[in-house]
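Heavy-atom basis, side chains included; hydrogens, waters and symmetry copies ignored. Chain A is the first sequence line, chain B the second, and so forth, proteins listed ahead of strands; every chain is numbered from 1.
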There are 2 protein chains.
Amino acid sequence: MTALKKPKSRIGEVNVERILDAALGVFARHGYSGARIDQIAEAAEMSKPNLLYYFRNKEELYRAVLRRTLDMWLGPLRELDPAKDPREALGNYIECKLSYSRTHPMASRLFAIEIMQGAQHLSEVLSTELAQLVEAKKATIRRWIEEKRLADIDPYHLLFAIWATTQHYADFAAQIQSLTGKDLSDEAFFAATKRSVTTIMLDGLVRHP
Amino acid sequence: MTALKKPKSRIGEVNVERILDAALGVFARHGYSGARIDQIAEAAEMSKPNLLYYFRNKEELYRAVLRRTLDMWLGPLRELDPAKDPREALGNYIECKLSYSRTHPMASRLFAIEIMQGAQHLSEVLSTELAQLVEAKKATIRRWIEEKRLADIDPYHLLFAIWATTQHYADFAAQIQSLTGKDLSDEAFFAATKRSVTTIMLDGLVRHP
DNA sequence: GTCTATAAGCGGATAGAC
DNA sequence: GTCTATCCGCTTATAGAC
């Protein structure tokens, strides 16, 4: 009878996907309160009441969008491989995060806006899932440092620096576009960005004699 | 007669300041469309119609808040001193930006949200004032590189990396608070952050033999 | 499952007394 | 300059036919 959250029919599933895709775009662009349901409905090529047949209300839709993009958001960090050389492992991680900023800039901005506005819908996730994951990776980073293969840096700040520099190209794309005329969808700009970010993070800016 | 924008009386000026302070907090927390005028009025200890006596409408108030925080936002980059050693000059710049993230986190988030949502009220500034400033600083950075005192990095990406890492502590404070339990208002955490960010940016992560 | 029509309520903005 | 009261448009959400 009710198709909410667990649509049984094929057509229902397709519609839910269409709605979630459309909602990601509108929420990332306008924030939660700025987003309009009929705007999302229009983007999903659907009437507003029809959309509200699948999602009880705006809040439920917003949470669903966050949840759906969450795994993708947490994914790259899980891959950080303790067995590898730190240079290679961190290089991979940076490349992975940067690719994510290129292919999913709206997801990045969605989370960024949510966190900047207090992370009210994410605080649960941050203090459980992400905290656990970060705790595990801290151990990896500490080992590299003990083995003298990495500078003596607090693992938190290392992770923050990588997150900040890589996500910046998605989150602040408007500013970067305004200054350079380009964004990560430009193949050459993406390659140059990858090279620069990797060099800065791993080798640092100042030449050592 | 009209006190709008140019209040003649002392009491008017004081009220305008109170409103702008309150508005910064509410806009930074909820974004433009999420912000409520009566919420700002309440924070400014004033009735809603009274607030609208000083600012014709919400849009005008928002623009006034952006304009007032703009100089502070552009300030640190102006100070980047070509005469200094790059290590010292960039170190100063990082410290300056980080201090700004500590003392004005709401201003940082206001601009971040504005840019992430398309920078519609800032595009003028970005492509004129900021672009000019960045152009000037690019020359400084290029000189340092030519003198072999700096790694061969595109100046744009260097600036982006510094902006990203330093502003991150203001913009993503909720996430950092959730993971570390601290923010930059903690004196020890601020000192550790400054040390870590400086080391990562200037010296890099990977130990060179 | 999808639509048209509409209820319900919020929030920006104004009128007008003081 | 500041207030109370109020208007009006806009947006969410529902009712009910198909």
Side-chain angles (χ1 to χ4, degrees), chain A residues 1-66 113 117 120-121, chain B residues 1-66 113 117 120-121:
Chain A
M1 196 102 313
T2 173
L4 280 161
K5 303 290 290 188
K6 299 265 184 188
K8 308 215 165 49
S9 66
R10 204 166 303 114
I11 185 163
E13 287 173 33
V14 170
N15 279 342
V16 165
E17 289 301 308
R18 274 228 316 275
I19 293 169
L20 289 171
D21 287 342
L24 172 60
V26 177
F27 281 129
R29 185 63 205 263
H30 302 283
Y32 175 76
S33 17
R36 298 290 158 236
I37 289 187
D38 38 8
Q39 202 179 356
I40 297 171
E42 192 187 4
E45 296 176 312
M46 187 178 295
S47 72
K48 185 166 56 168
N50 198 178
L51 184 157
L52 287 166
Y53 170 78
Y54 291 100
F55 295 92
R56 223 177 300 277
N57 52 45
K58 192 178 173 180
E59 171 85 10
E60 185 178 300
L61 173 56
Y62 182 64
R63 287 181 179 278
V65 174
L66 279 179
I113 292 173
Q117 299 191 347
Q120 302 192 323
H121 301 90
Chain B
M1 199 101 308
T2 173
L4 280 159
K5 302 292 286 191
K6 299 267 183 187
K8 307 213 167 51
S9 66
R10 205 167 301 115
I11 186 161
E13 287 173 31
V14 170
N15 279 343
V16 165
E17 289 301 308
R18 276 228 315 276
I19 294 169
L20 289 172
D21 287 341
L24 172 59
V26 177
F27 281 129
R29 184 65 203 261
H30 301 283
Y32 176 75
S33 19
R36 300 289 159 237
I37 288 187
D38 36 8
Q39 202 179 356
I40 297 171
E42 193 186 3
E45 296 176 311
M46 187 178 294
S47 71
K48 184 165 59 166
N50 198 179
L51 185 155
L52 288 166
Y53 169 77
Y54 291 100
F55 295 91
R56 223 176 299 277
N57 53 45
K58 192 178 175 180
E59 171 87 9
E60 184 177 301
L61 173 56
Y62 183 65
R63 286 181 179 278
V65 173
L66 280 179
I113 292 174
Q117 299 191 347
Q120 302 191 323
H121 302 89

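- Contact annotation: Asn15(B) reaches the phosphate of dT2(D) (side-chain N/O to OP1 or OP2, under 4.0 Å).
- End-to-end axis angle of the helix from dG1(C)-dC18(D) to dC18(C)-dG1(D), from C1' rotation axes over five pairs per end: 0° (rounded to 10 degrees).
- Atom CD in Glu60(A) sits about 10 Å away from atom P in dA13(D), given to the nearest Å.
- Residues passing the ring-ring contact (aromatic ring centres under 6.0 Å, His included) test with His30(A): none are found, sequence neighbours excluded.
- Pairs passing the salt bridge (Lys or Arg N to Asp or Glu O under 4.0 Å) check and including a residue from residues 27-40 of chain A, sequence neighbours excluded, do not occur.
- Counting all heavy atoms, side chain and backbone alike, Ile113(B) lies closest to Gly31(B) at CG2-CA, 4.4 Å.
- In this structure, Glu42(A) places its CD atom 13 Å from P of dC3(C), rounding to the nearest Å.
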Contact pattern, 5' to 3', of nucleotides 4-9 of chain D - B, S or - by protein heavy atom under 4.0 Å
BB----

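- For the OP1/OP2 pair of dG1(C) and a distance below 4.0 Å, the side-chain nitrogens and oxygens of Asn50(A) include no atom meeting the criterion.
- The stretch residues 19-38 of chain B touches DNA chain C through Ala35(B), Arg36(B), Ile37(B), each having a heavy atom under 4.0 angstrom from the strand.
- For Leu61(B), the side-chain contact (heavy atoms from CB on, under 4.5 Å) partners at least two apart in sequence or on another chain are Ile19(B), Leu20(B), Ala23(B), Phe27(B), Ile40(B), Leu51(B), Phe55(B), Val65(B).
- One finds a side-chain N or O of Tyr53(A) lying less than 4.0 angstrom from the OP1 or OP2 phosphate oxygen of dG1(C).
- The separation between Tyr54(A) atom OH and dA13(D) atom P is 18 Å, rounded to whole Å.
- As rounded to whole Å, 11 Å separates atom P of dC3(C) from atom CD of Glu45(A).
- The distance from atom CZ of Phe55(A) to atom C1' of dT14(D) is 18 Å, rounded to the nearest whole Å.
- Atom OH of Tyr32(A) sits about 4.5 Å away from atom CD of Glu59(A), to the nearest 0.5 Å.
- Residues meeting the side-chain contact (heavy atoms from CB on, under 4.5 Å) test with Ser47(B), sequence neighbours left out: Pro49(B), Asn50(B).
- The interatomic distance linking Leu51(B) (CG) with dT14(C) (C1') rounds to 14 Å, in whole Å.
- Residues Glu60(A) and Asn57(A) are in side-chain contact: their nearest non-hydrogen atoms beyond the backbone lie under 4.5 Å apart.
- Between Gly34(A) and Ser33(B) the shortest heavy-atom distance is CA-OG, 3.2 Å.
- His121(B) approaches Tyr62(B) most closely through the heavy-atom pair ND1-CE2, 3.4 Å.
- Screening residues 15-27 of chain B for side chain to side chain donor-acceptor pair (under 3.5 Å) gives Asn15(B)-Arg18(B), Asn15(B)-Tyr54(B), Glu17(B)-Arg68(B), Asp21(B)-Arg68(B) as the qualifying pairs, with residues at least two apart or on separate chains.
- Atom pair Lys58(B):NZ and dT14(C):C1' shows a separation of 17 Å (rounding to whole Å applied).
- For Glu42(B), there are no side-chain contact (heavy atoms from CB on, under 4.5 Å) partners two or more places apart in sequence or in a different chain.
- Atoms CD (Glu59(A)) and C1' (dT11(D)) sit 16 Å apart, rounded to a whole Å.
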